[in-house]
Amino acid sequence: MAVDNVSSIDELTYVPEMPEKPRPIVSIGTGGIVQGSHYPAYKLAGYPVIACYDVNLDNAKKAAADWGVPTVCETLEDAVKVGVEAGAVFDVAVPANFTREILEQLPDGAGVLMQKPMGESIEEARAILEVCHRKNLTAGVNFQLRQAPYMIAVRKLIADGVIGQVVDIDHRLVGEQPWNLWPFLFPKDRVEINYHSIHYIDNIRSLVGDPKAVYCKTMQHPKMRELAQTRTAIIMDYGDDLRVNLHINFNHNYGRKYQESTLKIEGLEGAIRVKLGLMYDYPEGEPDSVEYITFKDDEWKTVPVRGSWFNEAFIGTMGGLMKKLDDPSYEYMNSVEDAFHTMCVVEACYKSSAEGGTPVDYTE
């Protein structure tokens, strides 16, 4: 990736949630996201991964060798045993339709971070939530974008009242996605929102709370019939004063010049613009940026932010879970309960898209 990663936690300008004393981690699933983002983030943060397990044993062995994980478990039962003995947190990164099955096999009262989405439907999300409550799991879902250093900076600008009341949010992504990197997506009925736009929906919720309704259309592209959806338009309805719009087009294969990956937030006293560099020519990426303007100063200013979505945001999702385990009263922003609300919005998007828009009456 072209986006520079920080070499030390001390260099982060806006530090994600972190515990005073990290707990050991047992990793269940060692796929690309784990080796490419979880392990680099945990190494940066000083979170010790003590064991790993994968249904593909060779994959687990490679991950362990590359990242210095001391124990490779041949069965899930062995991984759970190691975790229990060490008082570890379980990092579960498996396809969403297997998440509930894994949770059922974890010990009651365990700490667990699940990869997103929280199941592939609202029924699966409810089932996962039920398991977490029944087994008294301290659980989170890995919606990391809200933990990216530049999003921490954005939330601080908003919380400090720098731009006043938020009245408009526009998230635009125009680019080309290398879908071949995720072959497991091709047979699925739900693709683009469940596995990508969900991040933006969740992030917007972290800024302005739950919408009361959605309007959505998610769809294929004639050049990409193999995938159920690759383009999405969403309006999140927050009433008459706040407009929220998401524009996602993953089939813009007309060169890099007019690619976009931006989040614009307007308030009554100013505005913020974020460039999410990762999504430019993904996975190559470009540098991120955060800028803001106020009517008082009348000029755009750059907020210095070190660290990015990949990989620094993964520090906060795991770190916040460890803090929650240390202090049950701590408000963990990636809790499974909060994540369930994101899944409710996602389900509403699919329902809206399936039901279609209001037919136009052209009767003279």
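All residue numbers in this chain count up from 1 along the given sequence.
In this structure, Phe143 CZ and Thr317 OG1 are separated by 11.0 Å, a value rounded to the nearest 0.5 Å. For the atom pair Gln147 CD and Glu312 CD, the distance stands at 12.5 Å (nearest 0.5 Å). A distance of 9.5 Å separates OG1 in Thr75 from NZ in Lys81, rounded to the nearest 0.5 Å. In this structure, CD1 on Ile315 lies 4.0 Å from CG on Leu44, to the nearest 0.5 angstrom. Residue Phe314 holds its CZ atom at 5.5 Å from CG of Asn142, rounded to the nearest 0.5 Å. Expressed to the nearest 0.5 Å, how far OH of Tyr332 lies from CD of Glu337 amounts to 10.5 Å.
Partners of Glu85 according to the salt bridge (Lys or Arg N to Asp or Glu O under 4.0 Å) rule, which considers only residues two or more places apart in sequence or in another chain, do not exist here. Checked against ring-ring contact (aromatic ring centres under 6.0 Å, His included), Tyr42 has the following partners two or more places apart in sequence or in another chain: His38, Tyr47.
Side-chain N/O atoms of Asn251 and Thr230 include a donor and acceptor closer than 3.5 Å. Under 3.5 Å, the side chains of Glu123 and Ser121 contain a donor-acceptor pair of N or O atoms. Under 3.5 Å, the side chains of Asp338 and Ser335 contain no donor-acceptor pair of N or O atoms. If you check the side chains of Thr218 and Glu192, you find no donor sitting under 3.5 Å from an acceptor.
Taking each heavy atom of Cys73 and Ala79 in turn, the nearest pair found is SG-CA, 3.5 Å. When all heavy atoms of Asp327 and Ser329 are compared, the pair lying nearest together is OD1-OG, 2.6 Å. Scanning both residues, Trp182 and Pro178, for their nearest heavy atoms gives CZ3-O, 3.3 Å. For Gly36 against Asn311, the heavy-atom pair with the smallest separation is O-OD1, 3.0 Å. Considering every non-hydrogen atom in both Asp54 and Gly31, the closest pair reads OD2-N, 4.1 Å. A pairwise comparison of heavy atoms in Phe90 and Gly83 identifies CZ-CA, 3.8 Å as the closest pair.
For Asn194 (side chain) and Glu120 (main-chain N/O), a donor-acceptor pair under 3.5 Å exists by modelled atom type. Side chain of Tyr330 to main chain of Leu325: no donor-acceptor pair is present (N/O by atom type, distance under 3.5 Å, no hydrogens or angles). The backbone N or O of Glu299 lies less than 3.5 Å from no partner atom in the side chain of Asp297, so there is not a single donor-acceptor pair. Not one N or O on the side chain of Lys264 forms a donor-acceptor pair closer than 3.5 Å with the backbone of Arg273. The backbone N or O of Thr363 sits less than 3.5 Å from a side-chain atom of Asp361, completing a donor-acceptor pair. Of the possible donor and acceptor atoms, none in the side chain of Asn334 sits under 3.5 Å from a partner among the backbone N and O of Gln144. At least one donor-acceptor pair under 3.5 Å links the side chain of Ser261 to the backbone N or O of Leu276. At least one donor-acceptor pair closer than 3.5 Å links the side chain of Gln220 to the backbone N or O of Leu227. Panel note: side chain Arg172, backbone Glu260; no donor-acceptor pair is recorded below 3.5 Å. Side chain of Asp288 to backbone of Gly277: a donor-acceptor contact under 3.5 angstrom is found.
Proximity of Leu242 to Met236: side-chain heavy atoms (C-beta onward) are nowhere separated by under 4.5 Å. You'll find the side chain of Glu74 reaches within 4.5 Å of the side chain of Leu57, heavy atoms only. Side-chain contact check for Glu124 versus Arg100: every heavy-atom pair is 4.5 Å or farther apart. Under the 4.5 Å side-chain criterion, counting only non-hydrogen atoms from C-beta, Gln259 is not in contact with Glu286. No side-chain heavy atom of Ile169 sits less than 4.5 Å from a side-chain heavy atom of Tyr238. Contact check for Ile158 versus Ile272: side-chain heavy atoms found under the 4.5 Å cut-off. Annotation: side chain of Lys116 is in contact with side chain of Ile198 (closest heavy-atom distance under 4.5 Å). Side chains of Val346 and Pro117 form no contact here, defined as non-hydrogen atoms less than 4.5 Å apart.
No continuous path of hydrophobic side-chain contacts links Tyr195 to Met219 [ILVMFWY only; heavy atoms under 4.5 Å]. Note on Leu268 and Trp300: separate hydrophobic clusters, where clusters join Ile, Leu, Val, Met, Phe, Trp and Tyr whose side-chain heavy atoms are under 4.5 Å apart, directly or indirectly. Val141 and Leu207 fall within the same hydrophobic cluster, defined by Ile, Leu, Val, Met, Phe, Trp and Tyr side-chain heavy atoms under 4.5 Å apart, directly or through other members. Residues Val174 and Met224 are members of separate hydrophobic clusters, defined by side-chain heavy-atom contacts under 4.5 angstrom among Ile, Leu, Val, Met, Phe, Trp and Tyr. Under the 4.5 Å side-chain heavy-atom criterion for grouping Ile, Leu, Val, Met, Phe, Trp and Tyr, Met333 is not connected to Phe340 through any hydrophobic cluster.
Remark: Lys21 does not engage Asp326 in a salt bridge, criterion side-chain N to carboxylate O under 4.0 Å. Ion pairing of Glu17 with Lys323 is absent here, as no side-chain N (NZ or NE/NH1/NH2) approaches a carboxylate O to less than 4.0 Å. Contact check on Glu347 versus Arg190 returns a salt bridge, with a Lys/Arg side-chain nitrogen under 4.0 Å from an Asp/Glu carboxylate oxygen. Checked for salt-bridge contact, Glu176 and Lys223 miss the test: no charged N lies under 4.0 Å from a carboxylate O.
Ring geometry, Trp67 versus Tyr39: the interplanar angle exceeds 60°, so the pair is classed perpendicular (tilted spans 30 to 60°).
Counting heavy atoms of neighbouring residues, nucleotides and ligands inside a 6.0 Å radius, atom NZ of Lys135 exceeds 12 of them. When the shell of 6.0 Å around CD of Glu104 is examined, it contains more than 12 heavy atoms from other residues, nucleotides or ligands. By the 6.0 Å contact criterion, CG on Asp108 is enclosed, its count of non-hydrogen atoms from other residues, nucleotides or ligands being greater than 12.
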> Step by step, would you call Ile28 with Leu76 a side-chain contact (heavy atoms from CB on, under 4.5 Å)?
Replying inline: CA-CA 8 Å; Ile28 298 173; Leu76 178 59; 3.7 Å; yes
> Does the pair Ile201 and Ile193 meet the rule for a side-chain contact (heavy atoms from CB on, under 4.5 Å), with working shown?
Replying inline: CA-CA 9 Å; Ile201 292 169; Ile193 301 175; 4.0 Å; yes
> Which is it for Asp66 and Gln35 under the side-chain contact (heavy atoms from CB on, under 4.5 Å) test, yes or no, and what are the steps along the way?
Replying inline: CA-CA 9 Å; Asp66 290 347; Gln35 296 185 53; 4.1 Å; yes
>> Run the side-chain contact (heavy atoms from CB on, under 4.5 Å) test on Lys188 and Leu185 for me, step by step, so that the C-alpha distance in whole Å, both residues' side-chain angles and the decisive distance to 0.1 Å come before the verdict.
In response: CA-CA 5 Å; Lys188 294 188 179 297; Leu185 292 177; 4.2 Å; yes
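Checked against Met343 for a side-chain contact (heavy atoms from CB on, under 4.5 Å), the options Val336, Leu129, Asp202, Ile122 give a single hit: Ile122.
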